[in-house]
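In what follows, a structure is listed as structure tokens, so that the remarks can point back to it.
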Amino acid sequence: MLKDEFGVEFTRLLTITNQPIHRFKQDLERQDALEDYHELLVSAFNPETVDGLMCRSTLSLRWDGR
């Protein structure tokens with residue numbers, strides 16, 4: 001889609017997520033580990049990284065280019 005319509009092609013695509021969504025969240029719930037995972041995210045939060053958040057300066061795309 002991006003290549004056909006805009007000429008954008010990825011040669012090195014990195015993905016990072018720590019948000020428990022969809023199947024990952026369901027798996028954590030099955031293991032009764034969702035609350036522990038949320039606590040891990042809160043304890044790992046570094047406020048000094050906020051200025052460089054992706055939503056401020058980086059383009060965010062879905063796997064299919066949307």
Side-chain angles (χ1 to χ4, degrees):
M1 175 183 264
L2 284 175
K3 184 177 180 183
D4 295 339
E5 293 185 30
F6 304 104
V8 175
E9 184 175 10
F10 295 100
T11 57
R12 183 171 168 230
L13 181 63
L14 303 174
T15 62
I16 299 172
T17 184
N18 58 10
Q19 183 65 25
I21 56 175
H22 303 294
R23 286 182 285 178
F24 180 41
K25 181 180 179 186
Q26 292 170 350
D27 188 51
L28 289 170
E29 289 171 334
R30 278 192 295 274
Q31 297 177 45
D32 195 28
L34 182 60
E35 185 175 332
D36 289 341
Y37 188 76
H38 279 147
E39 289 174 14
L40 174 68
L41 293 179
V42 169
S43 69
F45 175 70
N46 180 354
E48 293 182 18
T49 65
V50 172
D51 286 340
L53 283 177
M54 182 175 77
C55 58
R56 292 180 170 204
S57 62
T58 304
L59 180 63
S60 178
L61 302 170
R62 289 176 22 165
W63 65 271
D64 62 358
R66 289 189 232 167

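- The closest side-chain heavy-atom distance from His38 to Pro20 is below 4.5 Å.
- With values rounded to the nearest 0.5 angstrom, Gln19 atom CD is found 8.0 Å from Tyr37 atom OH.
- Residue pairs meeting the salt bridge (Lys or Arg N to Asp or Glu O under 4.0 Å) criterion with at least one partner in residues 32-47, sequence neighbours excluded, are absent.
- The salt bridge (Lys or Arg N to Asp or Glu O under 4.0 Å) check on Glu9 picks up Lys3, with sequence neighbours excluded.
- Phe6 pairs by the side-chain contact (heavy atoms from CB on, under 4.5 Å) definition with Leu2, Val8, not counting sequence neighbours.
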Which pairs of donor and acceptor atoms, one on a side chain in residues 21-28, lie under 3.5 Å apart (sequence neighbours left out)?
{"unit_1": "Asp27", "atom_1": "OD1", "unit_2": "Gln31", "atom_2": "NE2", "d": "3.3"}
{"unit_1": "Asp27", "atom_1": "OD2", "unit_2": "Gln31", "atom_2": "NE2", "d": "2.7"}

